[in-house]
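Have a look at the structure below before the remarks.
Whatever order the structure lists ligands and atoms in, that order sets their numbers, starting from 1. All values below come from the heavy atoms of this structure, side chains included, with hydrogens, waters and symmetry mates left out.
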Amino acid sequence: MWPRVGTVHIPFVKGHGTENDFVLLPDPDAALDLTPARVRALCDRRGGLGADGVLRVVRDREHPGAWFMDYRNADGSVAEMCGNGVRVFARYLLDDGLVEGREFPVGTRAGVRDVRIDEHGEVTVDMGKAAVFGESEAVLGDRRFPGVAVDVGNPHLVCRVERLDDLDLTVAPEFDRAVFPDGVNVEFVVVEAPDRIRMRVHERGVGETRSCGTGTVAAVTGVLHASGHQTGAADVDIPGGRVRVVIGDDTCTLTGPAVFVARGEIERSWWESAAE
Ligand SMILES: N[C@H](CCC[C@H](N)C(=O)O)C(=O)O
């Protein structure tokens with residue numbers, strides 16, 4: 001073992017939900033100064049661990065005994081909610097014995113989200129009510145994509161397209177800042193069948209990801225809205241896998257996997273140097 005010269009390293013867990021990947025910081029008492037610079041450094045796929053975002057386990061001050069998910073995007077920004085992240089976060093709480101039973105609440109900046117983990121490890125998250133709040137468009141190069149604005153606790157723009165393989169998502173789509181003053185996650189959606197859609201997503205604060213849980217809820221909500229329906233269900237195929245979305249009268253659910261890849265320790269000296 002490397003000599004531990006009086007340093008205490010920082011535990012982490014690496015996991016993903018349909019390949020939307022995260023660094024999870026599990027120690028709620030570590031008193032970490034999680035600056036935006038450290039989040040960017042952790043998410044850096046060369047100089048750091050590499051991830052789309054960071055999930056930190058925090059004691060929920062408003063709900064004693066419950067846990068709060070402090071989610072950060074790879075660019076260091078704070079987002080209200082992360083559907084894939086909640087699945088990974090919930091699985092960690094269950095696997096590490098921090099909760100009793102397979103159904104429990106998780107606090108997020110978008111509110112409390114009830115989760116259920118079945119015996120196969122599939123996680124269902126009550127995502128709350130998704131709401132269409134207008135129409136707008138995304139611009140990629142010289143192409144304009146009309147879409148619907150959907151609030152899933154975080155902002156989304158859902159654009160229906162005929163194909164996904166001709167979209168250059170290496171650049172951020174332009175959008176109307178009057179509609180999305182805090183930025184937006186943009187989904188490009190192909191409807192394959194009334195209960196199956198395919199999508200790609202360019203995430204606020206990250207870039208193109210292989211999956212976006214809140215984005216899949218927004219996509220199904222947007223497609224149903226466009227067809228004049230308020231409720232329905234669909235399988236959503238994203239590059240990182242498949243999730244199931246159910247849009248009900250009062251709430252939506254997202255069901256999908258949560259995978260742990262590795263556990264380890266972040267070198268304290270690296271952590272201090274990343275503070276900026
Ligand atoms: N990947 C996340 C979405 C993060 C959204 C974040 N990029 C934002 O700024 O809202 C998810 O699975 O829901």
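Figure legend: Arg61 and Phe68 shown without cation-pi pairing, the cationic atom not lying both under 6.0 angstrom from the six-membered ring centre and within 45 degrees of its axis.
Cys82 SG, 3.2 Å is the protein heavy atom nearest to atom 2 (C) of ligand 1. Of all protein heavy atoms, the one closest to atom 5 (C) of ligand 1 is Asn154 ND2, 3.4 Å. Among all non-hydrogen protein atoms, the one lying nearest atom 12 (O) of ligand 1 is Gly213 N, 2.6 Å. Among protein heavy atoms, the minimum distance from atom 6 (C) of ligand 1 is reached at Asn73 OD1, 3.1 Å. With hydrogens left out, the protein atom closest to atom 9 (O) of ligand 1 is Arg204 NE, 2.5 Å, a heavy atom.
For the pair Glu203 and ligand 1, the shortest N or O to N or O distance falls below 3.5 Å.
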Any chance you could lay out the salt bridge (Lys or Arg N to Asp or Glu O under 4.0 Å) test for Arg143 and Asp166, step after step, and finish with the verdict? CA-CA 11 Å; Arg143 299 174 67 186; Asp166 63 348; 3.4 Å; yes

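Scanning both residues, Arg59 and Pro28, for their nearest heavy atoms gives NH2-CG, 3.7 Å. Of all heavy-atom pairs between Ala74 and Val206, the closest is N-CG2, 4.1 Å. Pairing each heavy atom of Ile238 with each of Met199, the nearest pair is CG2-CG, 3.4 Å.
With a 6.0 Å radius and a threshold of 12 heavy atoms from other residues, nucleotides or ligands, Gln230 has its CD atom at or below the threshold.
Here is the list of ligand 1 atoms found below 4.0 Å of a heavy atom in Asn20: 1 (N), 2 (C), 11 (C), 12 (O). Residue-ligand proximity, Thr214 to ligand 1, at heavy-atom distances under 4.0 Å covers atoms 3 (C), 11 (C), 12 (O), 13 (O). Close approach to Ala79 involves these atoms of ligand 1, each under 4.0 Å from a residue heavy atom: 6 (C), 8 (C), 9 (O), 10 (O).
When the options Pro155, Gly205, Gly83, Ser211 are ranked by their closest heavy atom to atom 13 (O) of ligand 1, first place goes to Gly83.
No donor-acceptor contact under 3.5 angstrom links the side chains of Thr231 and Asp249, judged on distance only.
Within the 4.0 Å heavy-atom criterion, the part of Asn185 lying near ligand 1 is the side chain and not the backbone.
Going from atom CE of Met81 over to atom CE of Met127 covers 4.0 Å, rounded to the nearest 0.5 Å.
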